[in-house]
Each structure stands twice: as structure tokens, then as C-alpha cells.
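Working notes, structure below.
What you see is a predicted model; the values in this text were computed from it and never measured. In each ligand, atom 1 is the first atom listed, and ligand 1 is the first ligand listed.
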Amino acid sequence: MRKKVDFLVIGSGIAGLSYALDVAEHGNVIIVSKSVADETSTKYAQGGIAAVMYSPDSYEKHIQDTLTAGAGLCDEQIVRMVVSEAPDRIGELIERGTRFDLKNDGTYALGREGGHSENRILHHKDATGREIIRALLHKVKNHPNIELLEGFYAIDLITQHHLGQWITSKSTDIECFGCYVLNPHTKKIDTILSKITLLATGGAGNVYRTTTNPVVASGDGIAMAHRAKAKVENMEFIQFHPTSLYNPGEKPSFLITEAMRGFGAILRNKDGIAFMKKYDPRAELAPRDIVTRSIDSEMKLQGSSHVYLDCRHLDPNELITEFPRIYAKCLSIGIDIRRDLIPVVPAAHYICGGITVDQSGKTSIHSLYAAGECSSSGMHGANRLASNSLLEAVVYAHRAGVDSVKSFKNVSFNNLVPDWNDEGMILNEEMILITQTTRELQNIMNSYVSIVRSTLRLNRAFNRLGLIYKETEDLYQKSILNKDLCELRNLIKVSYLIVKMALERKESIGLHYSTDYLPENAQEHI
Ligand code: FAD
Ligand code: SIN
């Protein structure tokens with residue numbers, strides 16, 4: 001099938017849906033989403049979205065907290081822009097139907113998370129993302145200019161490469177003409193030609209064995225962009241969330257929100273001792289990279305598989321009111337958070353790097369934008385501040401929308417684009433190989449490219465990735481494509497980019513911590 005559309009949006013998280021609603025006022029829109037539309041990282045977001053709402057908070061404080069967490073690698077101009085545009089975008093989310101929790105006096109109830117010097121997290125209980133997606137999807141499904149294609153899988157961006165022209169990462173005139181998309185009904189690959197394309201494909205947590213991310217987070221957008229020769233950066237900065245529920249075998253790992261520590265919960269080691277003050281005076285509310293490394297260190301010192309989060313001293317009624325989903329989840333596996341310690345362990349959570357974008361969300365490829373977790377805007381530097389991700393996504397979706405609307409009228413469809421050719425391909429009957437290789441890859445990343453790294457470990461990962469890259473490319477070249485094979489290929493590409501950029505960074509900074517480049521002020525244990 002061949003389709004034409006003004007705006008093609010790949011991904012239906014907060015970034016894709018917000019952008020679609022903006023541009024749909026000016027042209028027709030197709031959203032492709034590889035699963036059911038609400039299966040996104042956005043849906044799993046618990047803590048909330050950061051924004052300056054009332055004094056004594058100020059933009060300056062939010063800016064400084066973001067810069068501090070980012071360990072000197074944020075782009076300050078971008079941080080200032082995103083923080084100061086936050087209230088407008090929050091207003092828009094509310095207009096589109098999102099309900100944030102209110103206090104009795106009618107003002108917004110603002111939570112606190114690690115690295116924030118003020119209470120500034122707007123939330124909806126402990127299910128903020130679910131509420132945002134509910135509201136945005138409702139609007140999208142009722143918009144006459146938006147077609148939502150659920151279960152459709154974007155395979156590759158279309159550029160001059162598909163017209164037989166030679167392009168390299170140095171080319172400055174690459175154009176995006178749309179995308180090849182796997183149609184779940186026909187099992188064929190459709191050609192969608194677009195004037196403007198937005199990548200809003202989210203993160204890549206599934207390169208690791210243990211992650212808080214849903215299975216859709218396989219780095220597809222980053223891999224597609226890199227194959228199309230777009231610029232990609234900062235991939236070494238992988239954020240491990242300090243506290244996912246220790247429940248071996250569960251995938252994705254269930255998150256225990258940082259907001260619980262903001263509410264007063266305390267981390268304890270296996271002997272019941274509170275340990276965070278040993279590592280940082282900010283204790284439980286230190287930035288995420290520090291809390292994660294502290295937990296990692298404590299687990300290594302004690303030879304334990306997890307630590308504990310203690311809520312037993314907190315008001316039990318308030319606890320259940322604020323964190324109903326966490327209460328119910330823990331209870332379902334026999335843990336009553338009012339009386340029992342919660343076993344927690346770090347898990348891969350967020351990728352700070354991705355497709356390089358400018359202030360308008362433009363990538364280095366013409367007519368191609370990116371927003372949300374798949375992009376790298378300069379906002380997060382070497383470590384993202386909690387609850388700044390939903391914020392960055394919604395600000396950039398808007399900025400990309402404004403710019404796309406200005407430019408799409410000057411773009412024409414490229415009718416020379418050929419349809420996908422799968423002649424000579426064989427039906428792949430070795431599905432089990434794909435599953436096994438995916439597991440192998442995730443084990444490599446968990447073992448060698450985790451919270452604390454070294455050049456030796458990174459080199460090991462690099463060599464092992466080389467082998468599975470070759471085997472998977474061989475399979476890809478001769479197979480009729482399916483989603484699992486494409487996802488594996490993308491996971492390998494993203495892993496390769498993470499390891500390569502980690503090897504290139506000859507220092508420990510933020511989330512990239514290497515025992516070969518210990519910072520001068522490194523604490524004995526971390
Ligand atoms: P997503 O919401 O992940 O959406 C990606 C979309 O792209 C999905 O629809 C997916 O199906 C689609 N897609 C991907 N590849 C393809 C393809 N090849 N073809 C078609 N469709 C494709 N951040 C905060 O700021 N505050 C929080 O409280 C918070 N809590 C979090 C809790 C959890 C458990 C997790 C996992 C993340 C949390 N984050 C939080 C991070 C934040 O949720 C994400 O960074 C953000 O939601 C990403 O939004 P997005 O629109 O970029 O991508
Ligand atoms: C959380 O609720 O702890 C996650 C917040 C985030 O990832 O920003």
C-alpha cells in the first residue's frame with residue numbers, strides 16, 4: 001500500500017500525541033504506533049512532570065538543579081528555554097484534559113524528587129503518565145485530521161539512499177521522504193510518503209536485561225535515524241533508576257517512584273542500616289546517578305541482590321492515598337508497604353542521548369524532526385533530573401510542531417520513491433535464534449555496560465557485539481522482515497552506539513562512570 005500525508009508521526013507517547021494535536025490544525029496526520037497506542041513509556045510514568053508553579057520556587061532554581069544534575073554537560077540556553085516554557089505546556093496538557101492532583105485550597109499538589117531543591121512535581125497520584133496518555137489519546141482519537149495506525153511498525157526512513165544515491169554521515173543535503181512501515185494486516189511493507197516526519201519513538205531500555213521500560217522501548221527511532229545518517233550523540237549516558245521493585249523474572253521491572261523518597265522513605269541495606277548519608281549529604285534526595293551508584297556499592301559490599309526502601313515510619317493513610325498503585329502492586333506479591341520493607345534494585349530507565357536536534361526539534365536530515373526520549377536536545381547533559389523528561393518531550397513536541405507548520409507548505413512529495421522490494425527473500429523459520437540473540441545481547445549489556453564501567457569491560461562488550469551484529473545482518477539480508485528481527489537489529493545498533501561513545505569518553509562524568517577515569521573527588525566506595 002502507498003499513502004501520502006502532510007505529517008507522519010512515528011510513536012504515540014507524550015511527544016508524538018502532543019505534536020500530532022498541534023499540527024493537525026494545519027494538515028492531515030498519520031500516527032504509526034507499533035503496539036496498542038497507549039503502550040508507551042509515557043503510560044508508565046509515575047512521579048510526574050517538573051514545572052515551576054509557585055514561589056518560593058523560581059525558574060532560576062529549576063535551571064540550577066537541572067544544570068547540577070547534568071554535571072556540566074547541559075546546554076544552559078536550552079535548559080533556560082525548556083524551564084521557562086514549562087507553565088505554558090502544562091496549561092496545554094490541562095486544557096487537553098489532564099488532571100493533576102490538587103490540594104484542598106485548589107492549588108496544585110507539588111511533589112519532591114531527587115536533585116530538586118523545591119517541590120515542583122505535578123502529578124496524578126502515582127500514575128501521572130497514564131493520566132496524560134488517557135487525555136491526549138482521547139483528543140487524538142476524536143480528531144478528524146488524525147489517522148492512528150496501531151500495530152504498524154516503522155522499519156526505515158526513506159531518503160535519497162532509496163533512490164540509489166550515495167549518502168554518508170558527512171552529507172548535508174539528506175532529505176526524509178517518509179517511512180517504510182510493516183503493515184500487521186497484510187504482513188507487507190507499506191510506503192508512507194510525508195512532507196514532514198517526526199520521530200517520537202521513545203527510549204531503548206530493552207538493550208538491558210533489567211529495565212523499567214516497556215518492550216516497545218527498543219531504540220528503533222535512534223537506530224533508523226543513524227542508518228539514515230542523521231547525527232546521534234551522548235549515547236553513553238544511560239540512566240539507571242535507583243529503585244525498581246526487586247521481583248526476579250518480572251518484565252518490565254516495576255518502578256517504585258522517586259517521589260516516595262521525596263515523601264520521606266529511607267533506603268536501608270540488608271542489615272537494615274540507612275546508608276545514603278555515607279555517600280552524599282543530600283542522602284535519599286541526591287541526584288539519581290549518585291543514589292544508584294551508592295546502592296550498587298552497598299550491594300557489592302554486602303554481596304546482596306537488592307537493598308530496601310522503608311516507608312514504615314510514614315503515615316499509613318497518606319501513603320496509600322499518595323501511592324495507590326505501588327501499594328496494590330506490592331500487596332499482590334505479599335508486601336504491605338505500611339509494615340514491610342520494599343526490596344528494590346537499580347534498573348535501566350532512560351537514555352539521555354539520542355538523535356541530535358536543534359531548538360526546533362530539527363534533526364540533521366531535512367524534513368525530519370525528533371522529540372522526546374529518542375532525541376538529544378542538550379537539556380539533560382550527563383544525567384537527567386527527575387521528571388524533566390515528560391517536560392522536555394512536551395516542550396519539544398510543541399516547538400517541532402510550530403516549525404513543521406511553517407515549513408511543510410514548501411515541501412513536495414517525492415513520487416520517485418520505490419516500494420519496498422522483498423523479492424528473493426525467504427520466510428525466516430529461525431525465530432528462536434532471534435529470541436536467543438536478544439537475550440545474549442541484553443546479558444552483554446547488563447554484564448559489561450552497566451552502572452560502573454571500565455575500558456576492559458567495554459571492550460569485551462564491543463567484541464561480543466561485533467559477532468552478534470554479523471550473525472544478525474546475515475539473517476536480515478535474506479529474510480522476509482518481521483518486527484522481532486528488526487527490533488533485534490535496532491537493539492544491536494543502539495548497543496553499539498552506547499559502547500562506542502562510552503569508549504570514546506575518557507572521563508567519569510554524570511551517568512558515565514568508569515573505574516579507569518575516577519573523578520578526583522571520587523568517594524572510596526563509589
Ligand atoms: P514513549 O512514551 O516511550 O512512546 C514511544 C512510542 O513510539 C510508542 O508508542 C511506541 O510504540 C512507538 N514506537 C517505537 N518504535 C516504533 C516503531 N519502530 N514503529 C512504530 N512505533 C514505534 N519521566 C518523567 O519526566 N517523569 C516521570 O515520572 C517518569 N516516570 C517514568 C516511569 C517509568 C516506569 C518509565 C519507563 C519512564 C519514566 N519517565 C518519567 C520517562 C518518561 O516516561 C519517558 O522518557 C517519556 O514518556 C518518553 O515519551 P516519548 O513520547 O518520547 O516516548
Ligand atoms: C519516578 O517516578 O521515580 C520516575 C521519574 C523520572 O523518571 O523522571
Could you tell me whether some N/O pair between [X] and ligand 1 is separated by less than 3.5 angstrom?
{"X": "G203", "result": "no"}
{"X": "S12", "result": "yes"}
{"X": "Y153", "result": "no"}
{"X": "I10", "result": "no"}
{"X": "S35", "result": "no"}
{"X": "K34", "result": "yes"}
{"X": "Y350", "result": "no"}
{"X": "G47", "result": "yes"}
{"X": "A45", "result": "no"}

* Do the rings of W420 and Y180 sit parallel, tilted or perpendicular, given the 30° and 60° boundaries? ->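 Answer is perpendicular, since the angle exceeds 60°.
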Can a non-hydrogen atom of [X] be found less than 4.0 Å from any atom of ligand 1?
{"X": "G48", "value": "yes"}
{"X": "S33", "value": "yes"}
{"X": "G221", "value": "no"}

Taking NZ, NE, NH1 and NH2 as the nitrogens, is one of them in [X] or [Y] under 4.0 Å from a carboxylate oxygen of the other?
{"X": "D126", "Y": "R325", "value": "no"}
{"X": "E250", "Y": "K329", "value": "yes"}
{"X": "D403", "Y": "K362", "value": "yes"}
{"X": "R489", "Y": "E473", "value": "yes"}

* **Option of least heavy-atom distance to atom 41 (C) of ligand 1 (set: S389, A217, G13)** =>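 That would be S389.
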* Shortest reach to atom 50 (P) of ligand 1 by a heavy atom, considering only L390, T42, V36 ->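 Ranked by closest heavy atom to atom 50 (P) of ligand 1, first place is T42.
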* Asked: Do we see a donor-acceptor contact under 3.5 Å between the side chains of S33 and E150?
  ->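 No, E150 and S33 have no side-chain donor paired with an acceptor closer than 3.5 Å.
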Is there any protein N/O under 3.5 Å from an N/O of ligand 2, and what does the full list of such pairs look like?
unit_1   : atom_1 : unit_2 : atom_2 : d
ligand 2 : 2 (O)  : G47    : N      : 2.9
ligand 2 : 2 (O)  : T257   : OG1    : 2.6
ligand 2 : 3 (O)  : H241   : NE2    : 2.7
ligand 2 : 3 (O)  : T257   : OG1    : 3.4
ligand 2 : 3 (O)  : E258   : N      : 2.7
ligand 2 : 7 (O)  : R288   : NH1    : 3.0
ligand 2 : 7 (O)  : R288   : NH2    : 3.3
ligand 2 : 7 (O)  : H349   : NE2    : 2.7
ligand 2 : 7 (O)  : R384   : NH2    : 2.8
ligand 2 : 8 (O)  : R288   : NH2    : 3.4
ligand 2 : 8 (O)  : R384   : NH1    : 2.7
ligand 2 : 8 (O)  : R384   : NH2    : 3.4
ligand 2 : 8 (O)  : S387   : N      : 2.6

* To do: Identify, with sequence neighbours excluded, every residue that meets ring-ring contact (aromatic ring centres under 6.0 Å, His included) alongside Y108.
  =>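 Result, ring-ring contact (aromatic ring centres under 6.0 Å, His included) vs Y108: none returned.
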* Asked: Got a sec, which residues hit ring-ring contact (aromatic ring centres under 6.0 Å, His included) with H241, two or more places apart in sequence or on another chain?
  ->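 Checked H241 against ring-ring contact (aromatic ring centres under 6.0 Å, His included); matches are H349.
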* To do: List for me each residue that meets salt bridge (charged side-chain N to carboxylate O under 4.0 Å, His left out) alongside E233, sequence neighbours excluded, and say none if there are none.
  =>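 Checked E233 against salt bridge (charged side-chain N to carboxylate O under 4.0 Å, His left out); zero matches.
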